[in-house]
Amino acid sequence: MLTLYGKDYSSRLLLGTAQYPSPTIMAEAVAAAGPAMVTVSLRRETAGGKTGGEFWSLINGLGVDVLPNTAGCHTAKEAVTTAQMAREIFATNRIKLEVIGNPDTLQPDVFGLVEAAEILAADGFEVFPYTTEDLVVAERLLDAGCRVLMPWCAPIGSARGPLSIDALRSLRGYFPDTPLIVDAGIGRPSHAAIVMELGFDAVLLNTAVAKAGDPVKMAAAFADAVRAGHSAFEAGMLEPRDMAVPSTPVFGKAVFS
């Protein structure tokens, strides 16, 4: 069971709602994935020319918890204002906090991120910060009041999968009791399985499903991969070895001379 800010979820997959070919396909993909939450960007949806009321009605009709995000914000002030607007619209204190620092990599501005997290946590928000795998930044976010961390494994939308297994493994090791959700850079179900095998608690993705040839089938594939990776971690996987080890016992074998 995944526990985030005191609430339990049976799914360990979080799914974005942007870039789908149609609202119908998005809804079908969400149904196929069975995610714990869906993320929604106020800026992205209003910029796309959608009428707010219709879109909010569609999201609410999914029957899944909503995690609004501050995508598109480049300063702490912007992110805080957007989060406050999201709380009014969705009647939730949950917020996925993004403060983008680099326009090419979309890497978080970790200084603005910590600043905004501290303000929002003090205002009663349940903050889900999109961050890097940096251990010092993670400490600062936890000190600011975050109880969940969402490190990237590669730049947003890059579909490159985990670029630094060692860094992700270190993050997991340093914060064994903090829910860690890998967010950004996952492109294939195998990528999701890999990070779950490292002991991460959940995966958040969007582009890999929304831009797939068949988003509904891909959503189901990712749900299966997340479950498989988590089950493998819990089962205790065999560690790699430098030498071959026979799987058939040699004791009791017949000896011919």
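No experiment lies behind these values; they were computed from the predicted model shown. Residue numbers run from 1 in the order of the sequence given.
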Would you name the heavy atoms of [X] and [Y] that are closest together and state the gap between them?
| X | Y | value |
| --- | --- | --- |
| Ala71 | Ser41 | CB-OG, 3.7 Å |
| Pro215 | Ala210 | CG-O, 3.8 Å |
| Val64 | Ala36 | CG1-O, 3.6 Å |
| Leu141 | Ala117 | CD2-CB, 4.0 Å |
| Ala116 | Val99 | CB-CG2, 4.4 Å |
| Ser11 | Leu2 | O-CD2, 3.6 Å |

[X] with [Y], same ILVMFWY side-chain cluster at under 4.5 Å:
| X | Y | answer |
| --- | --- | --- |
| Phe175 | Met196 | yes |
| Val148 | Ile95 | yes |
| Leu58 | Val40 | yes |
| Leu113 | Trp152 | no |
| Ile156 | Leu67 | no |

Counting distance only, does the side-chain N/O of [X] pair as donor-acceptor with the main-chain N or O of [Y] below 3.5 Å?
| X | Y | result |
| --- | --- | --- |
| Arg147 | Leu142 | no |
| Thr17 | Thr39 | yes |
| Glu118 | Val114 | no |
| Thr3 | Gly6 | no |
| His191 | Gly187 | yes |
| Asn206 | Leu15 | no |
| Glu78 | Thr75 | yes |
| Thr70 | Glu98 | yes |

For this session: With side-chain contact (heavy atoms from CB on, under 4.5 Å) as the test, would you mind laying out the steps for Glu139 and Asp134 before giving the verdict?
Result: CA-CA 9 Å; Glu139 287 277 15; Asp134 187 280; over 6 Å; no

For this session: Show your reasoning for whether side-chain contact (heavy atoms from CB on, under 4.5 Å) applies to Val80 and Gln84.
Result: CA-CA 6 Å; Val80 169; Gln84 292 168 341; 3.7 Å; yes

Side-chain contact test, heavy atoms from C-beta onward, threshold under 4.5 Å: evaluate it for [X] versus [Y] and give yes or no.
| X | Y | value |
| --- | --- | --- |
| Phe128 | Leu97 | no |
| Ile194 | Ile165 | yes |
| Ile181 | Leu4 | yes |
| Val127 | Lys96 | no |
| Arg12 | Arg227 | no |
| Phe125 | Ile119 | no |
| Tyr9 | Asp65 | yes |
| Leu13 | Leu205 | yes |

[atom1]/[X]: more than 12 non-hydrogen atoms of other groups inside 6.0 Å:
| X | atom1 | result |
| --- | --- | --- |
| Gln107 | CD | yes |
| Arg87 | CZ | yes |
| Tyr5 | OH | yes |

Quick check for you: to the nearest 0.5 Å, what is the distance between [X] atom [atom1] and [Y] atom [atom2]?
| X | Y | atom1 | atom2 | value |
| --- | --- | --- | --- | --- |
| Glu197 | Glu234 | CD | CD | 12.5 Å |
| Leu149 | Leu171 | CG | CG | 6.5 Å |
| Met150 | Asp183 | CE | CG | 4.0 Å |
| Glu133 | Tyr174 | CD | OH | 14.0 Å |
| Ile186 | Ser158 | CD1 | OG | 10.0 Å |
| Leu198 | Asp166 | CG | CG | 9.5 Å |

Exercise. Should Arg172 and Asp201 be marked as a salt bridge (charged side-chain N to carboxylate O under 4.0 Å, His left out) after you check the CA-CA gap, both sets of side-chain angles, and the distance that decides it?
Worked result: CA-CA 10 Å; Arg172 177 72 285 176; Asp201 297 282; 2.7 Å; yes

Exercise. Can we say Glu239 and Arg241 salt-bridge, meaning some charged N sits less than 4.0 Å from an Asp/Glu carboxylate O?
Worked result: no

